[in-house]
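Quick note: numbers below take in every heavy atom, side chains included, and nothing from hydrogens, waters or symmetry partners. These numbers come from a predicted model, not from an experiment.
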2 protein chains.
Amino acid sequence: MLSIGKLSKAAGVKVPTIRFYEQIGLLPEPVRTASDRRTYGEAAIRRLAFIRHARELGFSVEAIRSLLALSDAPEQPCETADALAREQLADVEAKITRLEALRAELRRMLDGDHQGPAGHCRVIEVLGDHSLCLADHRSAAPPK
Amino acid sequence: MLSIGKLSKAAGVKVPTIRFYEQIGLLPEPVRTASDRRTYGEAAIRRLAFIRHARELGFSVEAIRSLLALSDAPEQPCETADALAREQLADVEAKITRLEALRAELRRMLDGDHQGPAGHCRVIEVLGDHSLCLADHRSAAPPK
DNA sequence: CCTAGATGCTCTAGCCACTAGAGGATCAAG
DNA sequence: CTTGATCCTCTAGTGGCTAGAGCATCTAGG
């Protein structure tokens, strides 16, 4: 049986994060010792590693909740998991596209000659120039 | 003189966001009417568009604060603004690299033959398989 | 056996950049 | 004069953790 600290090291997830995952229901409530400390078995390591891997791939907690449910019910069809993965892939691809556009504009911004006659800063100038606007008004938020 | 709603439309920033920017000090406190309504001039449109453009490029609020200060003080050297832009570019590039790796793994996940003998789901399988781990333990957070 | 430091517990608050909603005042058009 | 749009302030919520307070308990060395 593992303490939360051992589990943390075994799965590569910080202790407070494990408690947080328990709180939001990604991990089941573990058995406690007489002095109220959490104890875990091998299954917890696997489950936590699964969660970590999914988080690394950018799946949201809600998506992970579904993936875990599918993982727990082995006779379920693959479709849902596949759909979630495809959705995540589309999301990642959209972010890449967006970031590539940002990269291009940032490069353009930095590529200007740094010896113009006016003492003006190209970076500041570009930001202030409404006509160089990259995105429309609906997507004013940056790609988080 | 513009109401906050007009400014919102002119600059492409939502009304509550304008109030929020004022609260955190990105926008100066505007003159109020007798009935306490905010009124803005042309300068506010420019400043707000500047902020929006910078946000679209992914600059943090803190970075924008610096950029605005530089924009307000035209005789300052460009170096700081350039450094901020380069930092932002590096950030964007790092995110792209990371997302490309995620994309590759998601594609691999979805590329498996969907007719294996066992009824197992490749997506679930890959997530549970510790050996296919993409990232090390230090970077457990997804690229926001 | 004692003690010191590591580890555990719960609870609250903070991060970022907004967004949503309550509950009320005021404005502009018909 | 009424109706609906817009405005005001204030609080709380989002996601996915992270940090800290203040306390209890465990473990290893002496």
Q | Sidechain N-carboxylate O distance under 4.0 Å for E93(A), R107(B) | A | yes
Q | Selected nucleotide, minimal atom distance to P16(B) side chain, candidates dC9(C), dT19(C), dT6(D) | A | dT19(C)
**Q.** Value in whole Å for how far the P atom of dG20(D) lies from NZ of K14(A)
**A.** 12 Å
Q. Of the non-hydrogen atoms in I45(B) and A10(B), which two are nearest, and what is the gap between them?
A. CD1-CB, 3.9 Å
Q: Please report the closest heavy-atom contact between L67(B) and I124(A), naming both atoms and the distance.
A: O-CD1, 3.4 Å
Q: Tell me whether the OP1 or OP2 atom of dG16(D) has a side-chain N or O from Y21(A) closer than 4.0 Å.
A: no
Q.
side chain to side chain contact (heavy atoms under 4.5 Å, CB included) for L106(B) and F59(A)? Distances and angles first, verdict last.
A. CA-CA 11 Å; L106(B) 285 165; F59(A) 286 93; 3.9 Å; yes
Q | Closest non-hydrogen atom pair, L84(B) against S66(B) | A | CD1-CB, 3.7 Å
Q) Between dT19(C), dT7(C), dC7(D), which nucleotide has the shortest distance from any of its atoms to the side chain of F20(B)? A) dT19(C)
Protein-nucleotides 11-15 of chain D N/O pairs under 3.5 Å:
none

Q: Identify whether any heavy atom of I4(A) sits under 4.0 Å from a base atom; if not, whether one sits that close to sugar-phosphate; answer base, sugar-phosphate or nothing.
A: sugar-phosphate
(Q) Any salt bridge linking E42(A) with R46(A)? Criterion: basic side-chain nitrogen under 4.0 Å from a carboxylate oxygen. (A) no
(Q) Do the side chains of D91(B) and R103(A) get close enough for a salt bridge, i.e. N-O under 4.0 angstrom? (A) no
Q) Rounded to the Å, how far apart are K6(B) NZ and dC27(C) P? A) 14 Å
**Q.** Which residues share a side chain to side chain donor-acceptor pair (under 3.5 Å) with E22(A), sequence neighbours left out
**A.** R38(A)
Q: Would you please confirm or rule out a distance under 4.0 Å between OP1 or OP2 of dT18(D) and any side-chain N or O of T17(A)?
A: yes
Q.
So if I take residues 28-48 of chain A and measure heavy-atom distances to DNA chain D, which residues fall below 4.0 Å?
A. S35(A), R37(A)
